[in-house]
Asks: 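Here it is, the structure, as structure tokens.
These numbers come from the heavy atoms of this one structure, side chains and all, not from hydrogens, waters or symmetry mates.
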Amino acid sequence: MDYDTYGSSAIELAIELANVERADPEWARAFLSSHSEWFTPGTSYELSPGETHRAGTTAALVRDVALAETQDDVVLRLNELLALARPRPYATDHDGELHLHYAREDAPVLEQLTTTVAMGLSQVVIQHGWQRLGVCSAEGCDNVYIDTSRNASRRYCSNTCASRSTVAAYRARQKT
Ligand SMILES: [Zn+2]
Ligand SMILES: [Zn+2]
């Protein structure tokens, strides 16, 4: 996907957070470790059960925004998410490319996560429209996605779901 035209790749983190499996009590720590490029080096990923619960609330809110069907609902849910953010942006080129980080550098990891996700998601929704967010059409998958295609034609969360559905549709046609 091409996130360049979207001004922020933090939306990617938001979508991945919304889709992560949260059954394991250690899910948040695992998610943070596998997305370490988003957090200040040296930040501790240790979370209390309460903090893990709050990370789950952030994930659920991102999903709620993606599932919202009216602009009023989008505004309501987005503002609920933004209320959890503590933005203190700064510019950086740590990866060679000049971009913004939304949370203060020394913020605890939960604050970095929630702030990055809330700011990244709301920036894309406001600039490109909430209709760009959707739920996967594949059977048995309820992942959310952001549609960055030029003609807003995306229907699946991943190539895997897209090809799985194509195969299923083909088989269904063969049967009839
Ligand atoms: Zn960065
Ligand atoms: Zn899917």
Asks: Atom CD of residue position E139 - does it have more than 12 heavy atoms of other residues, nucleotides or ligands inside 6.0 Å?
Replies: no
Asks: Between CZ of R63 and CD1 of I15, what distance do you get to the nearest 0.5 Å?
Replies: 10.5 Å
Asks: State, to 0.1 Å, how close V62 and A14 come at their nearest heavy-atom pair, and which atoms those are.
Replies: CG1-O, 3.5 Å
Asks: Which value, rounded to the nearest 0.5 Å, describes the distance between L100 atom CG and T92 atom OG1?
Replies: 9.5 Å
Asks: Nearest heavy-atom pair of A28 and T52: which atoms, and what distance?
Replies: CB-CG2, 3.9 Å
Asks: Short question: side chain of Q112, backbone of A107 - any donor-acceptor pair under 3.5 Å?
Replies: yes
Asks: Are there more than 12 heavy atoms of other residues, nucleotides or ligands under 6.0 Å from atom NE2 of H94?
Replies: yes
Asks: Check whether more than 12 heavy atoms from other residues, nucleotides or ligands sit under 6.0 Å from atom CG of D93, and answer yes or no.
Replies: yes
Asks: Can you tell me if Y90 has over 12 outside heavy atoms packed within less than 6.0 Å of its OH?
Replies: yes
Asks: About how many Å separate OG1 of T43 and CG of L32, when rounded to the nearest 0.5 Å?
Replies: 9.5 Å
Asks: At their closest point, which heavy atom of S149 faces which heavy atom of R154, and how far apart are they?
Replies: OG-N, 3.9 Å
Asks: F31, Y145: one ILVMFWY side-chain cluster at the under-4.5 Å cut-off?
Replies: no
Asks: With R155 as reference, evaluate S165, S137, C136 under the side-chain contact (heavy atoms from CB on, under 4.5 Å) test and give the passing residue.
Replies: S137
Asks: Counting C-beta onward and ignoring hydrogens, is there a side-chain heavy-atom pair between T40 and D106 closer than 4.5 Å?
Replies: no
Asks: Where is the tightest heavy-atom contact between S122 and M119, given as atom of each residue plus distance?
Replies: OG-O, 3.3 Å
Asks: Working to the nearest 0.5 angstrom, can you tell me the gap between T166 OG1 and R171 CZ?
Replies: 11.5 Å
Asks: Could you state whether Y156 and I146 fall into the same hydrophobic cluster, counting links through intermediate Ile, Leu, Val, Met, Phe, Trp or Tyr residues with side-chain heavy atoms under 4.5 angstrom apart?
Replies: no
Asks: OG1 of T115 to CG of L81: how many Å apart, nearest 0.5 Å?
Replies: 9.5 Å
Asks: To the closest 0.5 Å, what do you measure between CG (D147) and OG (S153)?
Replies: 6.0 Å
Asks: Give me each pair satisfying side chain to side chain donor-acceptor pair (under 3.5 Å) with a member in residues 65-80, each pair once, sequence neighbours excluded.
Replies: Q71-W130
Asks: Is there side-chain contact between L113 and H35, with heavy atoms separated by less than 4.5 Å?
Replies: no
Asks: Does anything in residues 38-57 form a salt bridge (charged side-chain N to carboxylate O under 4.0 Å, His left out)? List the pairs, not counting sequence neighbours.
Replies: R29-E46
Asks: Sub-3.5 Å donor-acceptor pair from the side chain of S158 to the main-chain atoms of C161, do we have one?
Replies: yes
Asks: State, yes or no, whether a side-chain contact exists between E111 and R104 at a heavy-atom distance under 4.5 Å.
Replies: yes
Asks: So, does R22 use its side chain to make a donor-acceptor pair with the main chain of N19 at under 3.5 Å?
Replies: no
Asks: Does E21 have more than 12 heavy atoms from other residues, nucleotides or ligands lying within 6.0 Å of its CD?
Replies: no
Asks: Less than 4.5 Å apart, side chain to side chain, heavy atoms only: is that true for Y102 and Q123?
Replies: yes
Asks: Mind checking whether L133 and V74 have side chains closer than 4.5 Å, heavy atoms only?
Replies: no
Asks: Might you point out which heavy atoms bring S36 and Y45 nearest each other, and give the distance in Å?
Replies: CB-OH, 3.0 Å
Asks: Do you know which two heavy atoms are closest between L67 and V135, and how far apart they sit?
Replies: CD2-CG2, 2.8 Å
Asks: Within a strict 4.5 Å, meaning less than it, do heavy atoms of the L61 and T57 side chains meet?
Replies: yes
